[in-house]
Protein chains: 2
Amino acid sequence: MVTWMPRKPSYDRDALIDRARDVFWRQGWAGTSLKDLERELKLNPGSFYAAFGSKDALYALALQRYAQEGVARLTALAERLGAKGALQEQPRLVIEATGAPAKACMLAKTYAELQAKDHELAGQAGVHMAEMKACFADLFRRAQEAGEISPDHDPERLATRYQSDLLGLRLSAERSNVDARAVAADIAADIDRL
Amino acid sequence: MVTWMPRKPSYDRDALIDRARDVFWRQGWAGTSLKDLERELKLNPGSFYAAFGSKDALYALALQRYAQEGVARLTALAERLGAKGALQEQPRLVIEATGAPAKACMLAKTYAELQAKDHELAGQAGVHMAEMKACFADLFRRAQEAGEISPDHDPERLATRYQSDLLGLRLSAERSNVDARAVAADIAADIDRL
DNA sequence: TATATACTTGAGCGATCACTCAAGAAAGCA
DNA sequence: TGCTTTCTTGAGTGATCGCTCAAGTATATA
């Protein structure tokens, strides 16, 4: 048996997923056409479908990438600042990430856009959001164990409210004429009162 | 001069705008096709364009209707419960409105979907959101004047945070597996601490 | 009843949608 | 160098998009 390796793709599949995530994040699912992706990824239709199979398949990869990096960033933040510090810093970080294609959460945007259609991608976005919420709950739990916040509150409920606040903050941050930094500061201050 | 009035439309234009608002609210702008509207409004293409001019024009009317009714409901609530009572009841109301086509705010969904395209409808949604924020600020101001909450906080800042919280709440309420009523209760409880 | 006017109908417009596939180009192994 | 395999190219698929318009129908006035 002979193993042929006659040609490698000229593109970096991983980098393409990153770029696709940015386009989808900014423009949404219906708002992003194959033409947009071909232009942004510099891929002809044939190569695109050879690499990813379909627009939805690539969107799923982009969602997964987005969620993975979100968890990783939060975890790294907690290692640097501790559980409470991370929870307080996160609001500031998400609205000031200058390189990001949008302020609003891609998972939330996906869910809001596609849930009414019962689209599979909405379900996947929901799963990723639940993962994020579990991260938040874990941080609240660790902050309690570290004595940084009172043990009187249910970490799950704190996480639910915190995630809701972040979603609102990030949506608000999309608008001009809204002082998102004030909102972020207020959310962080709320944690001091726990 | 003779005035002819040979025939009236067979439809109730006002009711059609309501129905269109519900479809757009649920499915979004790109997610709603002319076919959807024709089926839902029972209008053939010709009648549709004679009545509304374009999909975007009808969407603008639907947005306007949505915002008007939102302000009216909040105003009525304040007359019944007072300023502070209205602010505390509103979170509960918006997530438990059983007849509504969606929990999330139509203005926010519109803004999130269309802002990246610099679509005019996103601008209009932003204007309506600013109007809503002004309502909130007014209620906070009146609650302060009535001695229901402390005068120490800036009503504008309170309104900004409150609107952000409501956006997050209503987005969260779209998801199953999220206890939106707990979040609504927490938001209402926050107002008691002012 | 005859007429003028507006509303209703639905086939069909060009553009764009996600996607396919046959042909040509490129690269590793003999 | 020649062969095999994969990648790249881009014209083209049927379906659907928002929208138009000519023809037909209904109705209030004269």
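Basis for what follows: all heavy atoms, side chains included, without hydrogens, waters or symmetry-related copies. Throughout, protein chains are lettered first and strands after them, A, B, ... in sequence-line order, and every chain is numbered starting at 1.
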Whole-Å distance separating the CZ atom of A:Phe52 from the P atom of C:dC19: 14 Å

Distance test, side-chain N/O of B:Asn44 to OP1/OP2 of C:dG10, below 4.0 Å: yes

N/O donor-acceptor pair under 3.5 Å between A:Arg170 side chain and A:Lys103 backbone: yes

CG (B:Asn177) with more than 12 external heavy atoms under 6.0 Å: no

Members of residues 13-38 of chain A that approach DNA chain C, where some heavy atom sits under 4.0 Å away: A:Thr32, A:Ser33, A:Leu34

B:Leu43 CG - C:dG10 P separation (whole Å): 12 Å

Rounded interatomic separation in angstrom, taking CZ from A:Phe48 and P from C:dC17: 13 Å

Check: A:Asp154 side chain, A:Glu156 main-chain N or O, donor-acceptor pair, under 3.5 Å: yes

Those residues that, when tested against A:His119, pass ring pair (Phe, Tyr, Trp, His ring centres under 6.0 Å) (two or more places apart): A:Trp29

Sugar-phosphate only, base, or nothing, as touched by A:Pro9 at under 4.0 Å among non-hydrogen atoms: sugar-phosphate

5'-most by nearest nucleotide on DNA chain C - B:Gly46 or A:Pro45: B:Gly46

Check: A:Tyr66 side chain, A:Met106 main-chain N or O, donor-acceptor pair, under 3.5 Å: yes

Interatomic distance where OH belongs to A:Tyr49 and P belongs to D:dT9 [whole Å]: 16 Å

Test of ring centre spacing under 6.0 Å for A:Phe140 and A:Phe136: no

Short side-chain N/O contact from A:Ser10 to OP1 or OP2 of D:dT8, under 4.0 Å: yes

Value in whole Å for how far the P atom of C:dA18 lies from CZ of A:Arg39: 12 Å

Sugar-phosphate only, base, or nothing, as touched by B:Tyr11 at under 4.0 Å among non-hydrogen atoms: sugar-phosphate

Ion pair check, A:Asp165 and A:Arg161, cut-off under 4.0 Å: yes

d(NZ, A:Lys8; P, D:dT5) in whole Å: 19 Å

